[in-house]
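Bear in mind the structure is a predicted one, so any value in this text is a computation, not a measurement. Lettering follows sequence order; numbering is per chain, from 1.
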Amino acid sequence: MKKKTMSLVQIVEPDAPAASGQPRLAVGIDLGTTNSLIATVREGQVVPLPDEQGCFALASAVRYLQDDSVSVGHDARQCASCDPLNCILSVKRLIGRGVEDVQQLGEQMPYRFQAGESHMPLIETVQGAKSPVEVSAEILKVLRHRGELALDGDLFGAVITVPAYFDDAQRQATKDAATLAGIKVLRLLNEPTAAAVAYGLDRQAEGVVVVYDLGGGTFDVSILRLSQGVFEVLATGGDSALGGDDFDHVVADWIVQQSGSSTDLSPGEQRTLLRMACDLKEALSQAESVTASYGDWQGELTRSRFEQLIEPLVSRSLRACRRAVRDSGIDTGEVTAVVMVGGSTRVPMVRERVAQLFDCQPLTDIDPDKVVAMGAAIQADILAGNQSGNNDLLLLDVNPLSLGLETMGELVEKIIPRNTTIPVSRTQDFTTARDGQTAMALHVVQGERELVSDCRSLARFELRGIPPMVAGAAKIRVTFQVDADGLLSVTAREARSGVEAHVEVKPSYGLSDEAVSRMLEESMAHAEDDRKARGLREQQVNAGRLLETVRVALQTDGDLLDVAERALIDEQLELLEQLASADDQGAIARQVQKVNQATHEFASRRMDATVRRAFAGRQLEEL
Amino acid sequence: MSEPATHFELFGLPQAFVLDAGELDRRYREAVKLVHPDRFVAASGPEQRAAVERAAALNEAYQVLKSPSRRALYLLNLQAALDEEATVQDPEFLFQQMEWREELEELGNSADFAAIDTFRQRLIRARQDVDQEFSGVWQDPAQRPRAERLVRRMQFLDKVLYEVRQLEERLDDF
């Protein structure tokens with residue numbers, strides 16, 4: 001059976017494990033719409049990493065030049081007006097989206113799009129058609145390079161943050177971009193969770209934390225509970241069409257209205273007006289009143305007038321907060337901390353209203369533009385094993401949107417409801433509608449609505465080879481599994497006949513595994529022989545590591561296996577050991593797969609045993 | 001392969017309807033810390049896969065045990081499979097159900113948050129009564145039909161409580 005989740009790329013890991021004293025080089029990356037940041041933990045301190053000019057924020061702008069070079073950052077953004085078609089800004093709004101979604105953004109996006117493989121939009125540039133995944137990878141490559149220079153070595157891996165509302169396709173695409181940039185993703189982490197970690201709220205004993213994230217174009221709220229070192233996301237919510245840009249718009253409208261100027265503005269005039277509105281807004285975070293002039297008109301905007309203008313917008317954000325509170329099942333009185341993220345939370349009224357709602361002074365002392373990357377760096381450090389012993393914080397996330405299947409009548413059968421703690425696995429049985437039916441089409445969708453057409457299509461696949469039976473007799477078990485990154489894989493099998501049928505999942509908006517591996521190969525400038533030698537070496541290292549971990553496990557937990565099971569594993573290990581010293585890369589890879597299969601049950605039992613041991617002897621006293 | 005553990009066994013808890021919710025929360029957090037994939041970032045493929053599966057199993061067990069109606073249904077299913085599609089006659093509850101439905105509809109037109117809250121409190125008390133009764137009968141095979149009816153009542157109350165929340169949300173959006 002083929003799963004959607006990628007597993008094709010093996011990235012070379014530095015061999016020294018954390019235990020040997022040398023910390024693994026791990027970073028946190030905030031891949032933002034406007035700016036991106038990278039941070040790491042150095043000698044116990046979280047530090048954002050600057051570029052050579054000392055600048056922390058990397059503009060999320062990529063320019064493809066005629067001479068085949070690529071420029072990323074501030075310079076690329078500066079060229080947005082002189083070379084609009086080859087300067088890609090705000091690519092985060094395109095990643096993991098379909099052509100239709102992108103057309104909705106059309107007005108704000110000057111690019112020439114073409115439909116690529118599996119409905120993914122491709123942007124036509126001077127260097128050919130580029131996918132949003134490739135564009136994002138360019139930004140990540142620059143950050144990776146910055147990290148490797150600063151840390152002086154190859155990265156072990158990175159925690160990359162995504163908005164909590166990002167769906168499966170957007171998460172998958174983000175992960176693909178990292179793979180393409182040669183970064184091993186330790187975990188995709190929700191931005192609000194990262195912010196809470198940055199504030200060190202995990203070092204509190206217990207509590208409920210609200211993260212209020214008002215960015216330029218989106219609003220996001222998360223409610224988390226901390227208890228016994230487990231940080232659990234209880235609910236997330238938000239409004240994907242509400243942000244600080246809307247504040248600029250209401251101020252701009254006010255100027256037009258006050259000055260009596262024409263509402264019919266050229267794109268250039270509109271940009272100037274919005275820029276001015278944004279400046280006024282920012283000035284009002286400090287000043288009680290500012291002077292505005294537009295054309296011949298001059299006027300005064302007081303903070304209280306400004307607050308009247310944005311009041312409906314702020315109220316909308318608070319409504320989303322109340323909904324998240326209800327979803328989480330907590331009482332607002334239980335909230336112990338509120339964390340502010342995003343530049344728009346600098347507006348005093350926003351802080352006041354949030355403080356009022358939760359009866360709790362919001363935390364604002366970490367720069368709201370850096371807080372996410374810093375939290376991601378802390379989590380990366382934990383995952384890399386650099387903090388073992390003194391920090392066993394665990395983050396539990398939820399899936400932001402319901403996942404389901406299309407059923408008769410274009411209705412959605414929800415399999416995993418939103419706000420379910422991940423990882424999660426749910427199975428549902430379906431059956432055939434016609435006599436002798438041998439194939440079934442499955443359509444995986446995401447969203448809260450009842451009708452398929454109102455939800456987002458994630459993947460379509462077919463289950464073939466069902467033995468002919470009367471209608472309703474076949475029992476098709478469909479399993480949805482969401483891993484700790486929020487990525488979905490779907491498998492289907494016909495249970496009654498015992499025949500395992502074949503399933504293929506094609507991501508609707510992402511890149512296929514083949515496409516990613518092809519791009520990776522193309523991007524590696526190694527000569528063919530070099531590449532082969534490197535591949536063989538990686539495979540051998542891989543095999544050696546696997547042999548070692550399984551043998552250590554057998555030593556400690558060998559008693560979980562019976563004699564026959566043990567013999568089978570020993571035999572497969574023996575074979576792998578022989579093959580690993582020879583130079584047939586394919587044979588090693590196949591044998592690694594066999595060992596993986598042979599030890600899967602053993603690994604599961606070991607985990608069960610660990611949990612049992614934790615509770616051993618405690619049942620009696622409680623009975 | 002050994003028998004899969006029950007949700008109760010997973011947490012080392014006695015198989016009972018009455019359960020210490022705080023203790024369940026504590027044991028869940030303790031267990032999930034041991035098997036979560038975050039603990040196996042540098043581990044082998046099978047270990048990582050097993051971690052995803054085990055963490056998913058723990059999450060599922062926790063969700064079932066946390067909800068009284070799902071816990072009750074699970075307990076009955078452990079005794080003998082329950083046909084969830086079957087219609088269950090429960091005339092004494094039917095009248096009550098209709099009353100609540102009517103009341104909910106009227107509240108929908110009134111937009112009176114205080115009245116909605118009073119209604120919710122009454123539903124919660126009703127659910128506590130049903131829970132209490134269930135805990136007294138579920139282990140007695142002779143009272144199985146009664147136990148099944150009570151599970152249905154719990155599910156109905158869950159649903160009305162959910163609708164009350166949706167109503168509040170709708171009213172809050174204006």
Worksheet item: In terms of heavy-atom proximity below 4.5 Å to chain B, should R316(A) be classed as side chain, backbone, both, or neither?
Response: neither
Worksheet item: Salt bridge or not for E92(B) and R149(B), using N-O below 4.0 Å?
Response: no
Discussion item. Could you check whether R187(A) pairs with D485(A) (Lys NZ or Arg NE/NH1/NH2 to Asp/Glu carboxylate O, under 4.0 Å)?
Written reply: yes
Worksheet item: In terms of heavy-atom proximity below 4.5 Å to chain B, should L546(A) be classed as side chain, backbone, both, or neither?
Response: side chain
Discussion item. When you compare the side chains of Q155(B) and S69(B), does any donor N or O come within less than 3.5 Å of an acceptor on the partner?
Written reply: no
Worksheet, complete the sentence: Turns out that what part of A16(B) lies under 4.5 Å from chain A's heavy atoms comes down to neither
Worksheet item: Which bit of D25(B) is near chain A, if near means a heavy-atom gap under 4.5 Å: side chain, backbone, both or neither?
Response: backbone
Worksheet item: Which answer fits S425(A), side chain, backbone, both or neither, if we ask what part of it has an atom under 4.5 Å from a heavy atom of chain B?
Response: both
Worksheet item: Under the ring pair (Phe, Tyr, Trp, His ring centres under 6.0 Å) test, which residues partner F156(B), sequence neighbours left out?
Response: F93(B)
Worksheet item: So which of L395(A), V595(A), V592(A), L396(A) has the largest heavy-atom pair count under 4.5 angstrom toward chain B?
Response: L396(A)
Worksheet item: With a 4.5 angstrom heavy-atom cut-off, which part of E47(B) approaches chain A: side chain, backbone, both or neither?
Response: both
Worksheet item: Given a strict heavy-atom distance threshold of 4.5 Å, which part of D38(B) is in contact with chain A: side chain, backbone, both, or neither?
Response: both
Practice prompt. Indicate the ring-plane relationship of H7(B) and Y74(B), choosing parallel, tilted or perpendicular according to the 30° and 60° boundaries.
Written response: parallel
Worksheet entry | Winner by heavy-atom pair count (cut-off under 4.5 Å) against chain A, out of A56(B), A51(B), A57(B) | A56(B)
Worksheet item: Checking D562(A) against chain B: side chain, backbone, both or neither under 4.5 Å from a heavy atom?
Response: neither
Fill in: NZ/NE/NH1/NH2 to OD/OE distance under 4.0 Å, R605(A) and E601(A)
yes
Worksheet item: Looking at T599(A), V424(A), D608(A), which one has more heavy-atom pairs under 4.5 Å with chain B than the rest?
Response: D608(A)
Worksheet item: Would D117(B) and R120(B) pass as an ion pair if we require N to O under 4.0 Å?
Response: yes
Discussion item. Just to verify, what does Q79(B) make a side-chain contact (heavy atoms from CB on, under 4.5 Å) with, not counting sequence neighbours?
Written reply: L76(B), W138(B), R144(B)
Worksheet entry | Largest heavy-atom contact set with chain A, pairs under 4.5 Å, which of D20(B), V32(B), L58(B) | V32(B)
